[in-house]
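Below is one structure, written out as structure tokens; comments come after it.
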Amino acid sequence: MTETKFNLYGEHIRPNGHQQWDILSYIAETREEAIATCRKNNPYFNIITIQVDDTAPEVVKIQSIA
């Protein structure tokens with residue numbers, strides 16, 4: 001089971017007429033799962049394109065205060 005980070009590019013088109021371009025990211029096993037999650041969580045988001053984000057995750061290093 002491998003999960004991939006998907007960046008979904010598109011725009012929010014709300015019932016009141018407000019429009020806003022945005023990028024939403026989802027971690028899922030497949031592209032279809034990412035799309036389904038996006039549509040469930042953001043019903044007014046119109047997906048234009050999807051890209052896989054292959055960047056390395058940022059590693060946070062703990063530092064002592066002393």
Side-chain angles (χ1 to χ4, degrees):
M1 173 169 114
T2 60
E3 293 184 325
T4 305
K5 180 179 176 183
F6 294 94
N7 291 331
L8 287 70
Y9 297 80
E11 64 179 333
H12 289 277
I13 304 174
R14 305 204 189 278
N16 65 1
H18 176 74
Q19 291 179 300
Q20 177 181 340
W21 293 96
D22 209 349
I23 303 168
L24 303 178
S25 298
Y26 292 94
I27 297 174
E29 288 186 31
T30 65
R31 174 185 170 114
E32 291 74 22
E33 285 181 21
I35 293 170
T37 302
C38 179
R39 289 192 174 142
K40 177 180 142 196
N41 294 339
N42 301 283
Y44 302 115
F45 188 71
N46 181 29
I47 301 168
I48 305 297
T49 187
I50 301 169
Q51 293 181 348
V52 174
D53 186 349
D54 289 331
T55 58
E58 181 180 345
V59 177
V60 178
K61 296 180 182 177
I62 299 174
Q63 299 178 357
S64 65
I65 297 175

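What's counted below: heavy atoms across the whole structure, side chains too, no hydrogens, waters or symmetry copies.
Atom NE2 of H12 is separated from atom CG of N42 by 5.5 Å, given to the nearest 0.5 angstrom. Distance check: Q51 CD to L8 CG gives 10.0 Å after rounding to the nearest 0.5 Å. For the atom pair CG (N7) and CG (D54), the distance works out to 10.0 Å, reported to the nearest 0.5 Å. Note: E11 CD to I23 CD1 = 13.5 Å, rounded to the nearest 0.5 Å. To the nearest 0.5 Å, atom CD1 of residue I27 and atom OG1 of residue T37 are 11.0 Å apart. Here the CZ-CZ distance, from F45 to R14, works out to 10.5 Å after rounding to the nearest 0.5 Å.
Residues I48 and W21 form a side-chain contact, since some pair of their non-hydrogen atoms from C-beta on lies under 4.5 Å apart. With contacts defined as side-chain heavy-atom distances shorter than 4.5 Å, the pair C38/I47 qualifies.
Crowding of Y9 atom OH: a count of heavy atoms from other residues, nucleotides or ligands under 6.0 Å exceeding 12.
Across Y26 and L24, no two heavy atoms sit closer than the pair CE1-CB, 3.8 Å. Across all their heavy atoms, A34 and A28 have their closest contact at N-CB, 3.8 Å.
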